[in-house]
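In what follows, chains are A, B, ... by sequence order, proteins preceding strands, each numbered from 1.
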Amino acid sequence: MYRTHHCNELRKSDAGETATLVGWVNTKRDQGGVIFIDIRDREGVTQCVFRSEESAEATELSHKLRGEDVVQITGKVEVRPELDGESTFNEAIQTGEIEIVATGLKVLNKAEVLPFQLDKELSNEDLRMKYRYLDLRRPRMAKNLKMRHTITKAIRDDLDDQGFLEIETPILSKSTPEGARDFLVPSRLSPGKFYALPQAPQQYKQLLMVAGVERYFQIARCFRDEDLRADRQPEFTQVDVEASFVTQEDIYSMMESLLARSFKASRDADVSAPFPRITYQEAMDKYGSDKPERRFGCEIVDVSEHFKDSGFGVFKRAIEGGGVVRAINAKGFAGVSTGQIKRLEEIAKEAGAGGLAYIQVRGAAHDTWRSPIVKFFSEEELAAIEKDLNIEEGDLILFGCDKWATVCDVLGRLRLECCEMNNWLEGKDDELDFFWVTDFPLLDFDEEEGKWNAVHHPFTRPHPDDVALLDDESRWGEIRGAAYDVILNGNELGGGSLRIHEADLQAKMFNVLGVDDEEQAENFGHILGAFQYGAPPHGGIALGLDRLVMLACGEDSIREVIAFPKNNKGSDLMSASPAEVDFKQLREL
RNA sequence: GGAGCGGUAGCUCAGUUGGUUAGAGCGCCGGCCUGUCACGCCGGAGGUCGCGGGUUCAAGUCCCGUCCGCUCCGCCA
């Protein structure tokens, strides 16, 4: 037996017992005659004290210990003494009222000096990744791994309670033409042919519904060969869920239960359900984003009405061209610097704006408003926006004028940047704003390709009120999908939809998307076929587990919650993958 | 594919308008210390300033190129 207790177990009530601990040397404080060793394992830290009068041999050996040596220490549990009326308790650790008075020390394995210190923050990402097994010893990383387990378990327990079966689907699967770039795997037994790694188990889970499983879930690894980001890895994990005979409301409440349980388990947070719902239209109009951060105000206000006949040609022409004029009021940000204005202008242009119109409201009187454009505004126009935007001294007003979609994007990004510049979210870490965005558009016209694409995916069911519009191409842009996203604090946690379960409607949908009969038969024949044999109405959702855990941990990159992530270029610096392979291996393909 | 920021000791960083032998903290090595917990004190080692080229009497510092990392845009049904 290696140990009698773990390193976060012993308390005052254990005083007098003999205990054996194993773990790593966290720190050594060598006072000459008395040596303190903090021994650390997964659970925590315990102080061990070595004195020559207790054990000459162990004490002699303890002088030679180095950080991260793996040791086994035996001794008597004692309450830490009071010296000259001063307590020697350490309130920073949970075992701080006791210590092990060591009588035995065994070095199980010596450690070289580490390439970095575990108790210091480290900014060198390559180094962390190269020695990820050491990086993961750091308390923050160890906590994140544990949190991921806790959340995953809460999810499994919750879905199990709701009657879901966990079922695995193939990793070696088939490439689908739509969507992200696939990772391909050559097939040796079928030369010239390839498997694709799944971007999501979408078709398999729908086929499980046809199979009569009724409620399926999977903690599913998914693969996409696209460029990486702080919240994107080439392989990532989704909580993939599908259920038969359910309405949208059923799916909402299933997920609300799951998310509430996850955050209770991980952060002891009380999440109230049902979550608020807003439509895609409302999200775009008010926040300029389909995954809005709502924890600060600064909502978008439409002021088109006031500028229809404006003397300011830029606004007037935008409205005449079928566009809109909208603005946000960045409260108290009149003191914006020229550098910041320049940055905001850049962001606006990146989002497609021609430029950035703004007003720095220096005082109550309109003639104190500092702005390159205000001289073109009439007194009525100034009064109207003052009222609509609730303009007060000290505010900064930012305008967008263009097509609706462009203005949404421009002002949506500007409000996030203003938030960033002003730290409006400071102190709001514990505020959890969960909500649903509903009624997404079903189709989106791709100008470059000159064709309609599915906003969600081609299996998404049209909104029941809009099905008839599928027969009128001029109105395809108006069709809403029975699709929904769940958002937390401006992050998309996941999205899903009710699916098409009728073969004829699915075929019609493929036709709308420009997938011809031959292609349908080749790529989707199995699912169209399956729908002919009694497919139940069904729907589902997929949640990004990495992102969920990231938010629960308060991290800002999913790399911090994945044990062995890839870097920006998709490489694993520890194992040096991807790597070249032997000619022999290639030849066998 | 594009933009921004960064690369100086094992780690985190400083390094002025180009100017002596490139510094600090932590870590490491040696010594001292019987109540520390970021232990303390004394001493010491440790650098091709990412790499290549250029300007200059002189480059960590300026210029060009290149590699690597991070962030963002594009992309991610």
Side-chain angles (χ1 to χ4, degrees), chain A residues 26-38 45-54 59 63 66-68 78 80-84 86-93 95-96 99 101 112-131 134-135 176-182 199-200 202-203 222-234 236 343 346-347 349-352 409 413 416-417 420 440 442-444 446 448-449 451-460 481 483 492 495 497 509 513 515 542 544 556-557 559 567-569 571 573:
Chain A
N26 201 50
T27 49
K28 178 174 82 167
R29 295 178 294 278
D30 188 340
Q31 315 283 309
V34 57
I35 300 97
F36 297 96
I37 300 291
D38 288 348
V45 165
T46 300
Q47 171 169 287
C48 303
V49 54
F50 291 81
R51 286 188 219 95
S52 45
E53 58 267 33
E54 313 280 349
T59 303
H63 283 295
R66 187 152 67 187
E68 300 306 307
E78 288 186 8
R80 293 197 189 187
E82 195 169 282
L83 297 167
D84 304 327
E86 294 279 319
S87 164
T88 57
F89 287 2
N90 181 357
E91 286 170 18
I93 58 174
T95 58
E99 60 193 4
V101 179
E112 291 295 320
V113 175
L114 267 48
F116 51 81
Q117 290 164 257
L118 300 184
D119 59 345
K120 296 269 188 302
E121 275 303 311
L122 187 63
S123 64
N124 190 333
E125 296 271 332
D126 334 14
L127 198 70
R128 290 182 59 196
M129 290 308 157
K130 186 170 174 194
Y131 298 98
L134 299 178
D135 190 42
T176 46
E178 299 214 43
R181 196 175 294 117
D182 286 316
Q199 297 178 26
Q202 182 62 32
Q203 296 183 44
C222 303
F223 305 86
R224 292 178 189 175
D225 188 9
E226 298 292 345
D227 285 3
L228 280 65
R229 285 281 197 291
D231 63 351
R232 258 165 33 196
Q233 285 273 302
F236 60 100
R343 177 78 197 118
E346 261 173 44
I347 288 167
K349 284 181 175 166
E350 252 172 33
D409 192 19
R413 292 193 204 196
L416 287 179
E417 185 62 28
E420 184 81 12
F440 274 80
L442 185 71
L443 299 164
D444 178 48
D446 185 322
E448 271 179 39
E449 291 181 68
K451 66 183 274 282
W452 290 88
N453 285 330
V455 168
H456 189 49
H457 58 54
F459 311 105
T460 302
E492 181 190 332
S497 61
M509 188 65 191
L513 296 171
V515 181
D556 49 18
S557 168
R559 285 197 273 263
N567 75 2
N568 248 355
K569 288 235 169 84
S571 298
L573 296 175

(request) For B:U71, take OP1 and OP2 only and decide whether either is under 4.0 Å from a side-chain N or O of A:R559. (result) yes
(message) Let's see if you can work this out: which of B:C28, B:C11, B:C39 has an atom nearest to the side-chain heavy atoms of A:Q31?
(response) B:C39
(request) Using the six-membered ring for Trp and the full ring for Phe, Tyr or His, decide whether A:F36 stacks on the six-membered base ring of B:U36 (centres under 5.5 Å, planes under 30°). (result) yes
(request) By nearest nucleotide on RNA chain B, pick out whichever of A:L228 and A:L114 is the more 5' one. (result) A:L114
(message) Any non-hydrogen side-chain atom of A:L442 less than 4.5 Å from a side-chain atom of A:T460?
(response) yes
(request) Just jot down the side-chain hydrogen bond (donor to acceptor under 3.5 Å, both in side chains) partners of A:D409, sequence neighbours excluded, or say none. (result) A:R413
(request) Report the nucleotide, chosen from B:C28, B:U12, B:C76, that has the shortest atom-to-atom distance to any side-chain atom of A:V113. (result) B:C28
(message) Counting only side-chain heavy atoms from C-beta out, which of B:U36, B:G74, B:C29 sits nearest to A:R29?
(response) B:U36
(request) Compare the minimum distances between each of B:C37, B:C70, B:C11 and the side chain of A:Q47, then state the nucleotide with the smallest one. (result) B:C37
(request) Measure from the side chain of A:Q199, starting at C-beta and using heavy atoms only, and say which of B:A77, B:G69, B:C73 lies closest. (result) B:A77
(request) Answer with base, sugar-phosphate or nothing: what part of the nucleic acid does A:R80 contact at a heavy-atom distance below 4.0 Å? (result) base
(message) Would you measure the distance from the P atom in B:A45 across to the matching atom in B:G10 and give it in whole Å?
(response) 15 Å
(request) Could you measure between the two C1' atoms, the one in B:G47 and the one in B:C11, and give it in whole Å? (result) 14 Å
(message) So, OP1 or OP2 of B:C29: does either fall under 4.0 Å of a side-chain N or O from A:R66?
(response) yes
(message) For A:D444, give me all partners under side chain to side chain contact (heavy atoms under 4.5 Å, CB included), at least two apart in sequence or on another chain.
(response) A:V455
(request) Go through B:C11, B:C73, B:U34 for me and flag the one nearest to the A:E350 side chain. (result) B:C73
(request) Determine whether A:F440 and A:H456 make a side-chain contact, defined as any pair of heavy atoms from C-beta on separated by less than 4.5 Å. (result) no
(message) Nearest to the A:K569 side chain among B:C13, B:U36, B:G69, which nucleotide is it?
(response) B:G69
(message) Classify A:S123 by what it touches in the nucleic acid, base, sugar-phosphate, or nothing, heavy-atom distance under 4.0 Å.
(response) sugar-phosphate
(request) Please figure out whether A:D227 or A:Q202 has its closest RNA chain B nucleotide nearer the 5' end. (result) A:D227
(request) For A:D444, report the nucleic acid contact type (base, sugar-phosphate, nothing); a contact means any heavy atom under 4.0 Å. (result) nothing
(message) Are more than 12 heavy atoms, taken from residues, nucleotides or ligands other than A:E53, located less than 6.0 Å from that residue's CD atom?
(response) yes
(message) Which nucleotide wins on minimum distance to the side chain of A:Q117, given the candidates B:C39, B:C76, B:G10?
(response) B:G10
(message) If you only use heavy atoms from C-beta on, which nucleotide in B:C11, B:C76, B:U71 is closest to the side chain of A:L127?
(response) B:C11
(request) Looking only at side-chain atoms of A:K120, point me to the closest of B:G74, B:U34, B:C26. (result) B:C26
I'd like a table of atom pairs between the protein and nucleotides 47-51 of chain B - only N or O on both sides, under 3.5 Å - with the distance next to each one.
none

(request) Establish, with yes or no, whether the OP1 or OP2 oxygen of B:G69 is under 4.0 angstrom from a side-chain nitrogen or oxygen of A:N567. (result) yes
